[in-house]
Structure formats: structure tokens, C-alpha cells
Amino acid sequence: MSRRSLLCLLAASAALFGASLRTSLNSNASPASPAVAPPAVIMITIDTLRADHLACYGYRRIETPSIDALAGEGIRFEHAYAQVPLTLPSHAVILTGAYPVSNSVRDLISTGLPATVPTLAEILRRNGYRTAAFVSSFVLNSMWGLARGFEVYDDETDVEKGANKSPWLLDRRGDRTMDRALAWLDSHSDRPFFLWVHLYDPHSPYRPPEPYLSRYAGHLYDGEIAFDDAVLERLFARLRQLKLFDRTFLVLTSDHGESLGEHGEAEHGFFIYNATVHVPLILKLPGPLPRSRIVTDPVGLVDLGPTIAELCRVPPSSSAGFQGRSLAGIREHEGGRSTRAVYTESYYSRNSFGWHELRAVITRQFKYIDAPRPELYDLDQDPNEMNNVAADRSAVAAALRERLEELERRYVNANAAESPAALDSETLERLRSLGYVAYQAGPAGGGSRSDGADPKDKISVLNRLLHAGDLRRLNRFAEADEIFTALERSEPALYIVAFERGENLLNWGKPGAAAEEFHKALALNPSFDQAWLGLGRAAFTLGENQEAADALRLALRLNPRNYLARRTLARVYWRQEQLEQAELELAQVVREHPAFAEARAEHGVALAKVRKYREALAELGAAVDLGYSDAIVYYYKGIAYSETGEAARAIEAYEKAVELDPDYAGAYLNLALQYRRRGDPAKARRYYQKTCELSADLCRKYSSQF
């Protein structure tokens with residue numbers, strides 16, 4: 001095939017657009033050019049999906065008909081790479097079109113995306129698009145700033161199912177996420193939209209539903225991928241039903257891959273070999289293509305933002321902050337070598353463990369990894385990266401190292417993103433008052449360490465930590481604790497081990513021991529907001545209100561979007577009879593997370609407690625509408641109705657409360673009081689007798705009235 005740009009393919013395939021994309025973007029285009037509405041865009045990210053485990057990439061142990069069909073109608077990129085092999089940082093790259101060194105989201109301890117970094121959703125929304133996101137893991141919760149620009153950001157997980165369940169373990173199965181996305185699509189398909197659907201199922205531990213559990217016994221990771229392929233078929237079928245499939249720009253990719261033992265790594269995040277950074281990328285353009293296309297040049301996920309913006313005809317001035325390059329200019333090569341290079345990194349080992357970070361530059365032929373023992377791989381001859389030729393080809397290694405450093409220097413100050421580890425003076429003073437000497441993580445600009453262990457020498461530590469985490473997800477807390485305890489003995493300086501052990505102990509129902517572990521973690525890294533949240537949760541469970549409040553306030557100073565800290569702080573205020581303050585905190589939680597049903601219920605109760613009954617009824621009703629059904633909601637609805645003069649509705653609410661909780665003495669008492677006021681002594685007496693059966697205290701207190 002002759003050399004041609006993806007732009008030309010776009011123009012040839014999308015008859016709907018009439019002319020080439022760049023012509024349509026050109027403000028000087030002829031007025032006679034037909035006006036064409038910009039396309040709808042759907043971006044699908046399947047978490048933890050490595051490219052070489054899809055049938056369309058040559059894998060033979062799996063059936064992925066939906067994804068394969070998409071590749072057959074679109075453009076498949078053979079060599080697409082994630083910039084970070086971790087979920088939050090990689091999605092930050094996708095949604096900002098900016099490198100981690102610039103957007104400041106580099107690892108698991110990030111407090112989120114700075115407000116100074118623009119997002120793709122913001123840009124598209126300003127240019128007339130409806131925007132919605134449906135994500136399947138707490139790791140992408142809006143508290144890390146990725147929701148900016150989305151009118152709907154549906155990040156609901158099972159957070160309401162236990163205050164001490166580690167939030168990092170919470171996710172939502174792909175079929176449930178797709179249910180929400182399809183419901184939104186049905187009512188928002190009348191104008192251009194940007195819809196992001198995130199599926200999390202291939203993340204460990206692997207536990208696909210049937211029939212995939214049986215069909216893929218022995219390689220359950222593939223079963224999770226096959227399950228998500230079936231979930232996607234529902235989306236594609238709905239698009240066809242709505243007559244949108246041929247008019248929609250579909251992007252399918254992953255945030256990172258998964259190491260299944262390659263180079264000794266289990267799972268992902270630590271190394272930047274192809275197992276974890278080589279990801280699928282398929283673009284299905286508006287309109288049919290005569291046949292599928294394959295692009296062999298290396299590309300990065302950082303290129304998706306500018307590509308989507310260009311196809312959506314966003315003015316260049318609106319997308320000037322993107323650092324990737326639009327794939328509309330990439331070419332299919334029949335021969336020769338591309339000059340493109342892709343940057344990838346992992347600062348996980350540095351910021352969470354204190355070891356050396358890893359950075360790499362990838363060309364069509366070579367990958368250079370900067371480490372204490374540098375690595376160079378000839379990808380043509382050695383695609384599995386088994387033979388380090390850095391010593392034999394030192395000139396190539398030196399040239400690529402220089403290119404790596406030039407790439408990082410180019411973007412280090414872009415957007416002037418503040419380091420998330422930078423602490424203000426008030427926070428530092430608060431830390432000192434609690435006995436902590438403030439720790440400072442490496443600056444957002446990064447740069448290479450001159451010290452620190454080579455991650456290749458520490459992989460067994462990470463694998464043990466990951467295995468313990470998987471055991472915790474399976475509620476095998478005792479086994480997990482054995483591993484964490486051994487790791488603490490061998491690696492006493494690792495705050496992340498103490499933090500993980502604290503989370504495990506808290507899940508296990510041992511808040512006292514958990515608090516000790518969180519203190520250990522914070523002594524090593526007082527700027528880690530999640531450890532302060534953990535300490536606050538543990539202290540709250542122990543009834544230590546002041547320590548809980550101190551810890552939770554610090555978590556919020558480090559990350560004001562940490563709504564779980566805010567919600568728990570409201571509970572502390574409630575316990576301390578500071579009801580107005582509790583109501584204010586809960587009000588902010590529900591403003592930021594209006595679909596968080598239990599928080600809506602708690603806010604409604606708080607409003608009733610401070611006698612704002614009309615507002616209370618609205619919040620309690622919202623909780624019920626969101627599917628939250630609990631006796632306490634109806635009890636306080638009864639109080640609010642009673643106080644606003646709606647006695648009949650109050651009775652209905654109290655009756656629903658006792659239906660849900662037959663042992664709710666307070667609800668029976670209020671029913672007795674309501675019927676007494678209505679002049680129905682028989683019913684009043686009957687409900688009062690039920691109250692006495694359940695609560696001697698309430699029975700004595702109200703005996704004079706019955």
C-alpha cells in the first residue's frame with residue numbers, strides 16, 4: 001500500500017464529512033463546503049488489558065469477537081504504549097494529553113490532577129459536546145480530579161457497604177457499568193457527545209462470572225477479557241439500534257497491561273517492559289472503511305487527546321495544552337524506519353518504596369530503559385525483551401538516553417503543575433504539632449535519582465506485597481497479615497507496607513492494631529493523605545473522636561476532594577453533637593457526589609436533626625430514588641413529615657421503617673404518638689406495647705402518656 005496518512009484514511013472512509021479533516025478545521029475553508037455535525041465519540045478503556053491477549057493481535061487462546069470485529073472495521077495500532085503502567089496516572093495522561101511529568105499524577109500516592117491542567121472533557125464540553133463518564137473502580141473516583149468537564153461522572157462503587165472496607169478494593173463489574181452507560185446513551189444521542197466507558201474486570205484477582213469461569217479455567221485473566229468483550233457487544237448493538245454506530249468515532253484501548261510472570265513481575269506498576277506498557281489501540285472512524293488498517297509506528301496514549309480533539313474539530317487554540325501528537329498525521333509504512341519515539345515511566349518504585357524510578361524511550365526498533373543498570377532491547381529481534389544489549393550497543397543506548405532526557409526536559413515545566421507533595425505552611429505546622437517532621441516526596445518535575453535500589457533487585461518485595469493485597473481482596477486477612485508482618489521485618493523503612501498492613505487489619509476488624517500501623521506509615525511519610533484517612537477511620541471505630549478529627553482534617557488539607565475523609569469527619573462531628581458542622585460537611589459530600597445514596601441519606605438525617613425539615617425530605621427522597629432503602633431513612637422522613645404537618649405521610653413513613661426493621665423501637669413509639677394525636681387509642685396502645693417489648697427505657701419515659 002502506498003504511503004498515506006491516517007488523515008487521508010479518515011477522509012476516504014467518512015463520506016459523512018465530505019472533505020478532509022484538516023480542510024474542515026481550516027477557518028479559511030470555502031463557505032460552499034457542506035456543514036457537517038461533528039461526530040459522537042465513545043472512548044472505551046479496558047483496565048489491565050495487554051495487547052497480546054486479544055485475538056486481533058494474534059492471541060489464539062481467547063475469543064474476543066466484538067473487539068476483533070471493531071479492529072476489522074477500523075485502524076489497529078501494532079505498537080501503542082502507555083506512559084505509566086498504573087490506572088490513575090495512565091488515565092490522567094489519556095484525559096489531559098499531557099505527560100506525567102507535567103500533569104503531576106505519577107503514582108499511587110498522588111492527591112490528584114491539579115486544577116491548572118485542562119482536560120479533554122472540558123475542552124469538548126466548551127465546544128458543544130455532551131460529556132459523560134462511567135468508571136468501574138474507586139481508583140478513578142472523582143476525588144482525584146478526573147471528573148472535570150464531565151456533566152455526568154458515574155463512579156459509584158460499593159463504598160456504602162461498610163465504613164472500614166478499604167476504598168482501594170472497591171469496584172463495579174463491567175455489566176453494571178455498561179447498564180448505566182447505556183441508560184445515559186439512550187437519552188443523550190440527539191447531539192454530539194463524548195462518552196467514556198471504563199471496564200475494570202481484567203484487574204487481579206481474576207474471578208470472571210460464568211460461563212467464562214469454566215471456559216477459561218487455568219487462564220482466568222483471559223476469562224475476564226472475554227467477559228468484557230461480551231459487555232462491549234451490548235454497547236455496539238445499542239449503537240446500531242440507535243443508528244449511531246457508523247456515525248460514531250470509537251476508541252478502544254487500555255491504561256496498561258499485566259505482567260503474568262515476565263521478568264519476575266506479578267501484575268503491573270513496577271516495571272515498564274512490554275507486558276505492562278504495550279496496550280491495544282483501535283480507532284473506528286465515522287463511516288465504513290474498505291478494509292482494516294494496521295499502523296506500525298509507535299504511538300502513545302498521550303496522543304489520544306489531540307487525536308479526538310482534531311476529529312471533533314476543536315479549534316487549535318482550545319487544545320494548545322496537549323503534549324501528544326494527533327494521530328491524524330501518522331503514516332502507514334511499507335518500509336524504512338519511523339522517527340517517532342514514545343516515552344514511558346514508572347515512579348512507583350521511587351515514590352512508594354524509595355528505590356530508583358524507571359524511565360524509557362521506545363522507537364520502532366529499540367527500547368532503552370534508564371535504570372541503575374541500563375537496559376537496551378532490539379524489539380525486532382527480541383520482542384520479549386530478554387537480551388539486554390546495552391553494553392554491546394553502547395552508542396545506541398547513549399543516543400536514546402539523550403533523547404529520553406530531552407523529552408523529559410521539554411515537558412517538565414509545561415502547565416506549571418504544582419507538585420501534589422508540596423505542603424502549605426499551615427499543614428506543615430499541623431503536622432509538627434502532632435509530632436511529625438514533614439516528609440517531602442520528590443518534586444513533580446522528577447529527574448533521575450543518583451541513589452536508590454534498582455527495581456530489578458526488589459521485585460520479590462513487590463510481588464509479596466501484591467499477593468498480600470490479593471489475599472485481602474479475598475477476605476483472607478490472616479494470611480495477608482503474615483506476609484505484611486514478614487515484609488515489615490525485612491523492609492522496615494517502607495511506609496507503604498505499614499499502610500497496607502493497616503488497611504488489612506482494619507478490614508479484619510482490628511482497628512487498634514490498624515491505628516498503630518497507620519502511625520508507622522505516617523512517621524515515614526506524613527504527606528500521604530490515604531494513611532491519614534486510614535488513621536481517621538480506625539480512630540473513629542475506636543471511639544477516639546479527637547484523634548479521628550485531627551487525622552481526617554489533615555487528610556482533607558492534603559486532598560480537599562477526599563470525600564471519604566469528609567464523610568467520616570461528619571460522623572465524628574455528629575458523635576460530638578456538633579450537628580450543624582456535620583450537616584455542612586455532608587452537604588459538600590453530596591454536592592460533589594450526588595449519586596452517593598448513603599451520603600444523601602446521612603445528609604437528610606443531619607438536616608432533620610437541625611430542624612431543616614423540608615430540605616431533609618428532599619435529601620431523604622433522593623436517597624430512596626437512588627435505591628437506598630433503610631429503616632432510618634423512613635424514620636426521619638416520618639419525623640420531617642410530622643413536623644411539617646403531614647401526619648398521614650408520617651404514619652406511612654414510620655410503617656415502612658418498622659417493615660424494614662421490625663425491632664425499631666423508636667419508630668413504633670412515634671407511630672403510637674401519631675395515632676394518639678389522631679384519636680385512635682387502640683392503635684396507639686398497640687404500638688406503645690410493641691415499644692415496651694423492645695425498649696424498657698422508652699417504655700418508662702412515655703408511660704404517663706399511655
Side-chain angles (χ1 to χ4, degrees), residues 46-49 53 86-88 108 135-141 156-177 199-228 256-261 265-270 276 352 459-488 496-511 513-514 517-518 521 530 533-534 537-538 541 564:
I46 304 179
D47 212 287
T48 325
L49 173 59
H53 274 244
L86 290 165
T87 297
L88 175 62
L108 298 176
V135 303
S136 301
S137 171
F138 181 81
V139 177
L140 295 179
N141 189 275
E156 181 185 340
T157 53
D158 295 328
V159 69
E160 66 273 12
K161 291 185 178 177
N164 285 334
K165 186 173 177 63
S166 176
W168 294 96
L169 306 184
L170 301 173
D171 57 35
R172 175 170 61 186
R173 213 169 72 173
D175 50 354
R176 290 180 52 213
T177 298
L199 306 177
Y200 193 67
D201 303 281
H203 201 283
S204 69
Y206 318 124
R207 48 184 187 277
E210 292 291 1
Y212 307 97
L213 183 65
S214 299
R215 189 179 300 166
Y216 291 92
H219 52 128
L220 293 178
Y221 171 69
D222 294 338
E224 297 279 26
I225 298 168
F227 168 65
D228 276 349
H256 54 75
E258 182 81 319
S259 185
L260 301 171
E265 182 181 24
E267 302 184 23
H268 59 272
F270 211 57
T276 61
S352 290
I459 188 59
S460 64
V461 174
L462 178 71
N463 286 341
R464 291 161 68 198
L465 192 65
L466 292 173
H467 180 52
D470 285 343
L471 291 170
R472 177 158 60 100
R473 287 180 177 90
L474 298 171
N475 296 330
R476 294 162 62 179
F477 303 119
E479 295 169 76
D481 190 63
E482 288 182 15
I483 297 173
F484 288 130
T485 302
L487 281 171
E488 277 193 326
I496 198 72
V497 173
F499 169 73
E500 293 287 352
R501 187 177 182 217
E503 289 288 332
N504 185 65
L505 288 163
L506 196 53
N507 296 168
W508 197 2
K510 299 186 176 186
E517 293 301 311
F518 290 128
Q530 293 300 311
L533 171 60
R537 289 159 51 220
T541 304
L564 295 180

Please work out which of the three classes, parallel, tilted or perpendicular, describes the rings of H268 and H203, given edges at 30° and 60°.
perpendicular
Residues two or more places apart in sequence or in another chain: which of them pass ring pair (Phe, Tyr, Trp, His ring centres under 6.0 Å) with Y221?
H53, Y206
S214 side chain to E210 main-chain N or O, any donor-acceptor pair under 3.5 Å?
no
Which heavy atom of G174 sits nearest to which heavy atom of D228, and what is that distance?
CA-OD1, 4.3 Å
Can you name the salt bridge (Lys or Arg N to Asp or Glu O under 4.0 Å) partners of D222, sequence neighbours left out?
none
Roughly how far, to the nearest 0.5 Å, is NZ of K510 from CD of E517?
12.0 Å
CD1-OG distance between I496 and S352, expressed to the nearest 0.5 angstrom
4.5 Å
Between A498 and A521, which heavy-atom pair has the shortest distance, and what is it?
CB-N, 3.8 Å
Tell me the closest heavy-atom pair linking N463 and A266, and the distance in Å.
OD1-N, 2.9 Å
Point-to-point distance, once rounded to the nearest 0.5 Å, from CZ of R472 to CD of E479:
14.0 Å
Any salt bridge linking D201 with R173? Criterion: basic side-chain nitrogen under 4.0 Å from a carboxylate oxygen.
no
Least distance between heavy atoms, G534 atom then L506 atom
O-CD2, 4.0 Å
Set out, in order, the CA-CA distance, both residues' side-chain angles and the distance that settles side chain to side chain contact (heavy atoms under 4.5 Å, CB included) for I46 and I225, then state yes or no.
CA-CA 8 Å; I46 304 179; I225 298 168; 5.9 Å; no
Which pair of heavy atoms, one from G502 and one from F518, lies closest together, and at what distance?
C-CZ, 3.5 Å
Steps toward side chain to side chain contact (heavy atoms under 4.5 Å, CB included) verdict (F138, L564)
CA-CA 11 Å; F138 181 81; L564 295 180; 3.4 Å; yes
Closest approach of V497 to F484 (non-hydrogen atoms, all atoms of both residues)
CG1-O, 3.9 Å
Go through it in stages, so that I can follow the logic: the residues are Y200 and V135, the test is side chain to side chain contact (heavy atoms under 4.5 Å, CB included), and I'd like the CA-CA distance, side-chain angles, deciding distance and then a yes or no.
CA-CA 8 Å; Y200 193 67; V135 303; over 6 Å; no
A side-chain contact here means heavy atoms from C-beta on lying under 4.5 Å apart; do S136 and D171 qualify?
no
Return the CG to CD distance between L213 and E224, rounded to the nearest 0.5 Å.
9.0 Å
Set of residues satisfying salt bridge (Lys or Arg N to Asp or Glu O under 4.0 Å) with respect to E482, sequence neighbours excluded:
none
Are a donor atom and an acceptor atom from the side chains of E267 and S204 found within less than 3.5 Å of each other?
yes
Donor on one side chain, acceptor on other, T157 and R172, under 3.5 Å:
no
Side chains of E503 and R537, heavy atoms from C-beta outward: is any pair under 4.5 Å?
yes
A side-chain contact here means heavy atoms from C-beta on lying under 4.5 Å apart; do L466 and L462 qualify?
yes
Roughly how far apart are R473 CZ and N504 CG, rounded to 0.5 Å?
11.5 Å
What do the steps show when you test H256 against L49 for side chain to side chain contact (heavy atoms under 4.5 Å, CB included), and what is the final call?
CA-CA 6 Å; H256 54 75; L49 173 59; over 6 Å; no
So CG of L86 and OG1 of T276: to nearest 0.5 Å the spacing works out to 9.0 Å
Determine, stepwise, if the pair T87 / D47 fulfils side chain to side chain donor-acceptor pair (under 3.5 Å).
CA-CA 7 Å; T87 297; D47 212 287; 3.1 Å; yes
